[in-house]
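One structure is given here, and the rest of the page talks about it.
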There are 2 protein chains.
Amino acid sequence: MFETNRPPTIRDVARAAGCSVATVSRVLNGKSNASAAARDRVVTAAEALRFRFSETGRALQSSRTRVIGVLVPSLSNPVFAAAIDGAEAVLRRAGYQVLLVCGNYDAAQEAAAVQTLLARRVDGLILTVSDAAASAALDEARAEGLPVVLLFNEAGPGDSSAACDNAAAAGEIARALLASGHRRIALLAGRFTSSDRSRRRYLGLSTALVAAGAPEPVLLEVDYRDEDHSAALAELLDQRPDLTALVCSNDMLAIAVMAGLRSLGLRVPQDLSVVGFDGIAIGTMLAPSLATIAIPNADLGREAARLLLASLGQRHTAIGSNQAGPPRARTLPHQFRPGGSLSRARTDVRCGRYNARSDAHPPTSCHMNLENDP
Amino acid sequence: MFETNRPPTIRDVARAAGCSVATVSRVLNGKSNASAAARDRVVTAAEALRFRFSETGRALQSSRTRVIGVLVPSLSNPVFAAAIDGAEAVLRRAGYQVLLVCGNYDAAQEAAAVQTLLARRVDGLILTVSDAAASAALDEARAEGLPVVLLFNEAGPGDSSAACDNAAAAGEIARALLASGHRRIALLAGRFTSSDRSRRRYLGLSTALVAAGAPEPVLLEVDYRDEDHSAALAELLDQRPDLTALVCSNDMLAIAVMAGLRSLGLRVPQDLSVVGFDGIAIGTMLAPSLATIAIPNADLGREAARLLLASLGQRHTAIGSNQAGPPRARTLPHQFRPGGSLSRARTDVRCGRYNARSDAHPPTSCHMNLENDP
DNA sequence: ATGAAAGCGCTAACAA
DNA sequence: TTGTTAGCGCTTTCAT
């Protein structure tokens, strides 16, 4: 009555079925051959005891856990949620479980999280790190000789990855903006130290604008954790009233920025155009809808899982070798998605003073032609 | 050169340090006393080998995995992401890791997912199930005698839970609507079979409306997976042009509904008021902002984790007992959050025909007084 | 202070 | 066809 309810072990089943543990293992694993009689007794006993193999025991004996460690910066960005969903589905169908950890856009936390995954002896890793080019977490994983696939991070020569071409995608934003007459553009970006994607998007945007003869974009790095960017926005727009478009390094930020602009009494897209990056579903439901780069986030997760499974397969095939096949970098296609948040650039400069706390006075416009750059 | 890189074991460290595995264990776990000399040799050897205890070995010997299984319906609803974040932080600080699985709002998938968690021998479970009153997943967990805390599901007598009072919260929506003159109200709800929260919210809304002498709300159950509810919305509004307010059983749905209304050429809140439920951050960034019930989602996750840790503690204290302390149901406070999506009810009925595919003709209004109910 | 050895649950090699 | 047993990595008791 008052005993600690330890789960039944294979020995309990063997005892109840009147056979050895080997027979139980064979029957319940569908291996080799067992007499119909034994089979029956084992199955019956197992069901009666509600027996379930201990994955711990199996892991110890086989030195494979059938667990994949997944590290993402955060769960509160739907981009990562979608990618995890995709990866998890593929891995589950292959018999793997996902041990999920968050790095919170912080290299130290990422390294600590990977440590815990390594201690759990995960069979492989899918990682989104702050900066793939200098990541303690990634170094640890590599040192362990474990199959690793980067997700969202574009891999260097030695690593596998599933990502999009951030710079090229940002270039498409530049083209779309230029086509609508924008030249005075700012990028609100998550801190580069927290996200190499953010940095690449900046470089891609900047390069494309300059190549087209437009000025470099103004850069404003913001913290991923903040939700209210009104103050930073106000200062930026105060200093640069000539800006006609704001690009945001991701859609969540873009949504916050649109809200911030609204609270400053500015209209999107009449006063300022806004473009995001990621293509999260909610962007299409906004008014105005969010112009953005659509990334196949769930597909990226699926692809990362597939690459990892491939490594895992080779690893077991190529006996005596630590090689998991050559690294494979998969780049999935992006697509510019038009939206109501992007319209033709104003040709006059905003010069009215607006106030973050007052929504009574929308800014006035004065006719100061901007057609020629400095 | 070509050897499979098995992680070093405690025996490797012992050999390198010239001592027994027991000494290594003691030193590296900071237990009892070891000579300074031995200590040094062990630490040095461990570092040189990059040794890390195998949690698999530890789990097998201690029959505790230090892993908590967490089941949620989906990652794509920020509500669950926030709760997971909260729970994970509390658990991590207590030395536990989270094994996350998704049930996809489906009882069968939930049961299968819990099976995998039980096979991993998790030390405890935090579950959000479709229907806590009839859940195979929950039954399995209970049968295993494992500490379980329900999250978002309001527990029955025997279970622990961290939830809000869904019916009471829905009652507050009713009050807010009535105060603004609404009486003809519909609820768009996630399928009751997929969410007992959805059902309770319906009951709470209905009860409060009827108690106030208003008609029962029209109920429209929708699938959580769908993103476009325009067709269902169009049909509903066609049949019931007298409706003045739409309540949605969660914020994500409300956002989709607002987008759907817009595509039907209807304005929020002028033509219809919309109220959500959950209080996700994005709701405050919309135009109009979303009126809703704010739930402390991250706190719910934290609280679930705390309750579970308490059970775990008692479980180890009360030797020889399977009791994990009495079940504790924690109800966290909700709060109505006003928003631009809710305004005073129209007093005329929409009678113009609108078309889902045409945004050219906003519906006309005809003056047909609705003050007296049938 | 240190070591030897049992045992946690399981699989697979080997014996019968 | 079935059973016996070693061993996966670790902690802990019991000797020494």
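No hydrogens, no waters, no symmetry mates; every other heavy atom, side chains included, goes into these values. Chain naming here is simple, since letters A, B, ... match the order of the sequence lines and numbering starts at 1 in each.
Within the 4.0 angstrom heavy-atom criterion, only backbone atoms of the sugar-phosphate kind lie near Ala38(A); the bases stay farther away. Residue contacts shown for Thr9(B) are limited to sugar-phosphate atoms, with no base heavy atom under 4.0 Å away.
Panel note: side chain Asp12(A), backbone Thr9(A); a donor-acceptor pair is recorded below 3.5 Å. Asp106(A) places a side-chain N or O within donor-acceptor distance of the main-chain N or O of Ala108(A), the cut-off being under 3.5 Å. In this structure a side-chain-to-backbone donor-acceptor pair under 3.5 Å is missing from Asn153(B) to Ala155(B).
Side-chain atoms of Ile10(A) lie closest to dT11(C) of the nucleotides dT11(C), dG3(D), dC10(D).
When the C1' atom of dG9(D) is taken as reference, atom CZ of Arg15(B) falls 13 Å away, rounded to whole Å. Leu60(B) places its CG atom 18 Å from the P atom of dA6(D), with the value rounded to the nearest Å. Between the CG atom of Leu28(B) and the C1' atom of dC10(D) there is a distance of 12 Å, rounded to whole Å. dG9(C) atom P lies 17 Å from atom CZ of Arg120(B), rounded to whole Å. Atom pair Arg64(A):CZ and dG9(D):C1' shows a separation of 18 Å (rounding to whole Å applied). Look at CD on Glu55(B): it is 20 Å from P on dC8(C), rounded to the nearest Å. Atom CZ in Arg11(B) sits roughly 12 Å away from atom C1' in dA6(D) (whole-Å rounding). Atom P of nucleotide dG9(D) and atom CZ of Arg121(A) are separated by 8 Å, given to the nearest angstrom.
Along DNA chain C, the nucleotide nearest to Ala34(B) and the one nearest to Thr56(A) differ in position, and the one closer to the 5' end is contacted by Ala34(B).
The side chain of Ser35(A) contributes an N or O atom lying less than 4.0 Å from OP1 or OP2 of dT2(D). For dT2(D), neither phosphate oxygen OP1 nor OP2 lies less than 4.0 angstrom from any side-chain nitrogen or oxygen of Thr23(A). Of the side-chain N and O atoms in Arg58(A), one or more sit less than 4.0 angstrom from OP1 or OP2 of dT11(C). Considering only side-chain N and O atoms, Ser20(B) lies under 4.0 angstrom from the phosphate OP1 or OP2 of dG3(C).
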Give me, pair by pair, the N or O atoms of the protein and of nucleotides 12-16 of chain D that are less than 3.5 Å apart, along with how far apart they are.
none

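None of Val43(A), Leu49(A), Thr23(A) except one satisfies the side chain to side chain contact (heavy atoms under 4.5 Å, CB included) rule with Val13(A); the exception is Leu49(A).
Salt bridge status for Glu140(B) with Arg50(A): present, with a side-chain N to carboxylate O gap under 4.0 Å.
Taking CD1 from Ile126(B) and CG from Leu99(B), the interatomic distance works out to 12.5 Å, rounded to the nearest 0.5 Å. Taken from CZ in Arg66(A) to CG in Asp123(A), the straight-line distance is 7.5 Å, to the nearest 0.5 Å.
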